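What you are looking at is a predicted structure, and each value in this text was computed from that prediction instead of being measured.
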Amino acid sequence: QVQLEESGGGLMQAGDSLRLSCTGSVRTFSLVNMNWFRQAPGKEREFVAAITWSDGATRYADSVKGRFTISRDKAKNTVYLQMNSLKPEDTAVYYCAADMTDWVSSNWAYWGQGTQVTVSS
């Protein structure tokens, strides 16, 4: 059973920095991307950032571009989200997700349970 586990959430103040981590037992041969999503109270889950596992290419939501950085440590099977200049609107439960493939015809995703990030003004 594949599990992804996020950590690093907490209560922060506007302007603070925080680093989230996500580690899991996925088969990296089948891993395409690692992603961070977030869901604020009363809102839909939204994309935050993604990193291609093989070559480290990254992409970001416009709302976090320039403030957040996604990175990975292949040796530790871990993806990070460095969040700088936090804003109250960054308050959400942050989830990591692994995009998987069999490189033939099937694609699927694994999700973590989420970690709460709260930013006060």
Side-chain angles (χ1 to χ4, degrees):
Q1 180 71 21
V2 172
Q3 288 187 323
L4 296 178
E5 184 172 359
E6 303 96 338
S7 61
L11 177 60
M12 313 301 292
Q13 292 191 330
D16 284 350
S17 296
L18 188 66
R19 190 178 80 160
L20 305 182
S21 299
C22 172
T23 191
S25 58
V26 296
R27 292 184 60 191
T28 55
F29 175 78
S30 299
L31 178 58
V32 180
N33 303 310
M34 287 296 295
N35 309 279
W36 286 98
F37 287 78
R38 67 186 181 186
Q39 187 167 20
K43 295 188 177 181
E44 294 187 352
R45 191 172 298 188
E46 66 174 0
F47 169 78
V48 175
I51 188 165
T52 304
W53 194 253
S54 59
D55 65 7
T58 59
R59 60 188 179 95
Y60 298 92
D62 288 343
S63 58
V64 307
K65 205 172 291 183
R67 298 189 299 121
F68 290 11
T69 302
I70 188 171
S71 62
R72 81 220 188 295
D73 185 330
K74 284 187 162 185
K76 296 181 179 180
N77 270 17
T78 299
V79 63
Y80 304 99
L81 186 67
Q82 177 67 43
M83 305 186 293
N84 299 329
S85 303
L86 283 165
K87 303 176 180 180
E89 51 263 43
D90 294 320
T91 295
V93 177
Y94 283 73
Y95 300 89
C96 67
D99 292 329
M100 312 294 292
T101 183
D102 66 359
W103 301 108
V104 177
S105 60
S106 296
N107 303 291
W108 65 98
Y110 295 115
W111 290 82
Q113 294 300 306
T115 186
Q116 176 71 48
V117 174
T118 303
V119 184
S120 62
S121 57

Answer with yes or no whether the side chains of S17 and N84 bring together a donor and an acceptor at under 3.5 Å. yes

For P88 and S120 the tightest heavy-atom approach is CG-C, 4.4 Å

Interatomic distance, OG1@T118 vs CG@D90, rounded to 0.5 Å, equals 11.0 Å

From CA spacing to verdict: side chain to side chain contact (heavy atoms under 4.5 Å, CB included), R19, L81: CA-CA 6 Å; R19 190 178 80 160; L81 186 67; over 6 Å; no

For Y95 and L20, what are the C-alpha separation, side-chain angles and deciding distance, and is it a side chain to side chain contact (heavy atoms under 4.5 Å, CB included)? CA-CA 10 Å; Y95 300 89; L20 305 182; over 6 Å; no

Output yes when a side-chain donor or acceptor of D73 lies under 3.5 Å from a complementary backbone atom of T78, and no otherwise. no

What one should report as the nearest heavy-atom pair of T91 and P41 is O-CD, 4.5 Å

Is it possible for you to check whether R59 lies under 6.0 Å from the centre of the six-membered ring of F47, through NZ or CZ, and within 45° of that ring's axis? yes

Hydrophobic cluster membership, W111 vs V48, 4.5 Å side-chain cutoff: no

Do other residues, nucleotides or ligands put more than 12 heavy atoms under 6.0 Å from the CD atom of Q3? no

Just by modelled atom types, is the I70 backbone N or O under 3.5 Å from a matching donor or acceptor in the Y60 side chain? yes

Testing the basics here: between L31 and W53, what is the closest heavy-atom pair and its distance to 0.1 Å? CD2-CD2, 3.4 Å

Under the salt bridge (Lys or Arg N to Asp or Glu O under 4.0 Å) test against R38, which residue among E6, E89, E46 passes? E46

Taking atom types as modelled, find out whether E5 and S7 have a side-chain donor-acceptor pair closer than 3.5 angstrom. no

For the residue pair V26 and L4, establish whether any side-chain heavy-atom pair is separated by less than 4.5 Å. yes

Side chains of M12 and M83: does their closest heavy-atom pair fall under 4.5 Å? no

Under a 4.5 Å cut-off applied to non-hydrogen side-chain atoms, are L18 and F68 in contact? no

Sub-4.5 Å side-chain heavy-atom contact between C22 and Y94: no

Hey, does the Lys NZ or Arg CZ of R45 hover above the aromatic six-ring of F37, less than 6.0 Å from the centre and inside 45° of the axis? no

Can we say K65 and D62 salt-bridge, meaning some charged N sits less than 4.0 Å from an Asp/Glu carboxylate O? yes

side-chain hydrogen bond (donor to acceptor under 3.5 Å, both in side chains) between N77 and T23, worked out: CA-CA 6 Å; N77 270 17; T23 191; over 6 Å; no

How far apart are the closest heavy atoms of G9 and T115, and which atoms are they? N-OG1, 3.2 Å

I need the minimum non-hydrogen distance between Q116 and A92, along with the two atoms involved. NE2-O, 3.4 Å

Cluster link V93 to L86, ILVMFWY, side chain under 4.5 Å: no

Under a 4.5 Å cut-off applied to non-hydrogen side-chain atoms, are V32 and W103 in contact? yes

Hey, could you give me the CG/OG distance between N33 and S54, rounded to the nearest 0.5 Å? 8.0 Å

Return the CG to CH2 distance between D99 and W108, rounded to the nearest 0.5 Å. 11.0 Å

Which pair of non-hydrogen atoms, one from V119 and one from Q13, has the smallest distance, and what is that distance? CG1-C, 3.8 Å

Pair Y80-T69, side chain to side chain contact (heavy atoms under 4.5 Å, CB included): steps then yes or no: CA-CA 8 Å; Y80 304 99; T69 302; over 6 Å; no

